[in-house]
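As structure tokens, the structure follows; a few thoughts come after it.
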Amino acid sequence: MAHKGGFEALNRTLKDIRGYNNLMGGVTVLLAGDFQQTLPIIPRGTRADEVKSCLKASYLWPHIQKVALHKNMRVHVKGDTSAGILLKIGDGNFPSLEGEITIPSNLCTVVSSLSELTSRIYPDIINIKMKPIEWLCERAILTPKNDKAAEINEILLKAFNEKAVEYKSFDSVIQSDDAVHYPLEFLNTLNPSGLPSHKLILKIGAPIMLLRNLNPPKLCNGTRLQVKSLHKNVIEAIVITGCARGDIVLIPRITLIPTDYPFEFKIIQFPLKVCFAMTINKSQGQSLSMAGIDLREECFSHGQFYVACSRVSSASSLVILAPKGISKKKMESASTLYSEIEADHLKREENQKFEYEKEVEYKQKIKQIKKTKSKTVKTELNLKKQKLIDAYNNFEYQSLLNDLKIRSNLDYLYKQLEYVNTN
């Protein structure tokens, strides 16, 4: 979901471009989104920061006409009974205790070990090279955090017999003075969010995900591929998702510059990561035929659990890894739905509407004052002009100097009148 600042900037820009002070410059803008899913990502932000960055917290929200869709079509088309459960989870109406919900048995299949989860999602992974791309692109394991996804990827990468190739990144500081403070060994240990690691280990047949836009819309951030061949300076892969599905492409090393560190450094590496498993946030917008959810760590952000469960269209296609020692019927997981997104939005709408109307009223008053002041100044200048013209016409010339002085005053007045009329 986009940050509210983007929409507010668009509103100001359209007003400036069109010279029209109405909302969005008078242009009809169509927005699509789901507040049951994850909110804008705020690095190192709190719950309050996420809620504040949401479009519902913007002054634009009271002026947006809302049209709602109430059915989960992924589930509804197959008539699965889990549709109602998913909608209740998404709306925050599912029974919970201290922010946690008991996962019903008709929502998914619950397993108790990671090996059981991986075997259900990726059966016969030893022969992954023989599998069609449809088999690979329609399944994934979802986790709340990156570290668990990396752990599962490492396990599954070792599960099939292919030669592993290791690609190390070339890291360096941008400012030469920083080389003393940040040596190469230190840079190699860093793992910036959204960037490949220093050591990228790949095998032929492994699924990979692109981390940068290389050739949109064919190769975009989030595009999934399967490794076909591994070379020294390029990786040959086949696209398994998106509009270029089935195309064979070459992925080069590129320069990547992290922005979330107090110093600048660059990484030269393939913009790829193994994606047997991915984070729940990264899975938004994808439809899967088989999905596993690793809940050894609880969901920590608004809507994460709902997003993960709604990737598939039937309860038989969803497998959840339960923590050890908890029975299937009583397994709990944090639903983590921010109630203020729904509960307080009516009150917030009223306050924002009042503030917006107050701001509009203030601007109109300022405009009226300027207009009145402009009329008053214009009237005063016209009177002065007429007096000077009368003095000029009735003046018995004593000297040329006085005549030039009156002409100079008239010229100055005409310039003032011209400025007032144009403004």
Side-chain angles (χ1 to χ4, degrees), residues 1-69 193-194 210-223 242-243 256-260 264 271 281-282 284-285 301-303 338 340-342 344-371 373-374 419-423:
M1 188 176 292
H3 194 287
K4 70 173 184 180
F7 300 107
E8 292 172 357
L10 176 63
N11 177 46
R12 292 191 296 270
T13 302
L14 288 175
K15 284 182 179 181
D16 291 342
I17 291 173
R18 294 175 60 85
Y20 195 51
N21 203 39
N22 278 20
L23 197 69
M24 293 294 177
V27 175
T28 301
V29 178
L30 179 64
L31 307 175
D34 185 0
F35 292 102
Q36 295 174 342
Q37 300 193 22
T38 54
L39 300 178
I41 304 299
I42 309 297
R44 293 177 291 278
T46 62
R47 174 171 173 161
D49 293 327
E50 289 184 25
V51 173
K52 190 177 179 182
S53 67
C54 180
L55 180 60
K56 280 190 175 183
S58 170
Y59 64 86
L60 299 172
W61 183 250
H63 308 280
I64 297 175
Q65 182 180 353
K66 295 89 179 175
V67 180
L69 300 173
S193 176
L210 200 59
L211 300 177
R212 283 292 184 274
N213 294 333
L214 293 184
N215 184 21
K218 188 176 181 180
L219 295 174
C220 302
N221 185 359
T223 300
C243 61
L256 304 162
I257 301 176
T259 57
D260 52 353
E264 290 186 323
N281 288 4
K282 201 73 174 178
Q284 279 195 106
S301 179
H302 170 88
Y338 294 174
E340 55 266 40
I341 290 292
E342 297 296 336
D344 295 340
H345 77 274
L346 291 174
K347 184 177 179 181
R348 188 162 54 241
E349 282 183 20
E350 292 177 2
N351 293 337
Q352 288 168 347
K353 192 170 184 179
F354 174 75
E355 290 174 4
Y356 183 81
E357 289 173 353
K358 195 174 180 181
E359 183 182 356
V360 170
E361 184 182 353
Y362 173 75
K363 287 181 178 179
Q364 287 177 345
K365 283 183 179 179
I366 294 295
K367 193 175 180 180
Q368 189 64 34
I369 289 169
K370 286 182 177 179
K371 193 174 180 181
K373 190 175 181 181
S374 178
Y419 174 79
V420 170
N421 289 329
T422 56
N423 292 278

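Just so you know, these numbers use all the heavy atoms, side chains as well, and skip hydrogens, waters and symmetry mates. As the structure is a computational prediction, the values presented were derived from the model and not from experiment.
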ask   = If you take all heavy atoms of P217 and C243, which pair is closest and at what distance?
value =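 Reported closest heavy-atom pair: O-SG, 3.5 Å.
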Between N11 and M24 the two heavy atoms that sit nearest each other are OD1-N, 2.7 Å
Any chance you could measure [X], atom [atom1], to [Y], atom [atom2], to the nearest 0.5 Å?
| X | Y | atom1 | atom2 | answer |
| --- | --- | --- | --- | --- |
| R212 | C220 | CZ | SG | 13.0 Å |
| T13 | R18 | OG1 | CZ | 13.5 Å |
| K66 | K56 | NZ | NZ | 8.5 Å |
| N221 | L219 | CG | CG | 11.5 Å |
| I17 | L10 | CD1 | CG | 8.5 Å |

Should [X] and [Y] count as side-chain neighbours, where that means a heavy-atom distance under 4.5 Å?
| X | Y | result |
| --- | --- | --- |
| L31 | L55 | yes |
| I64 | F7 | no |
| W61 | K4 | no |
| P271 | L210 | yes |

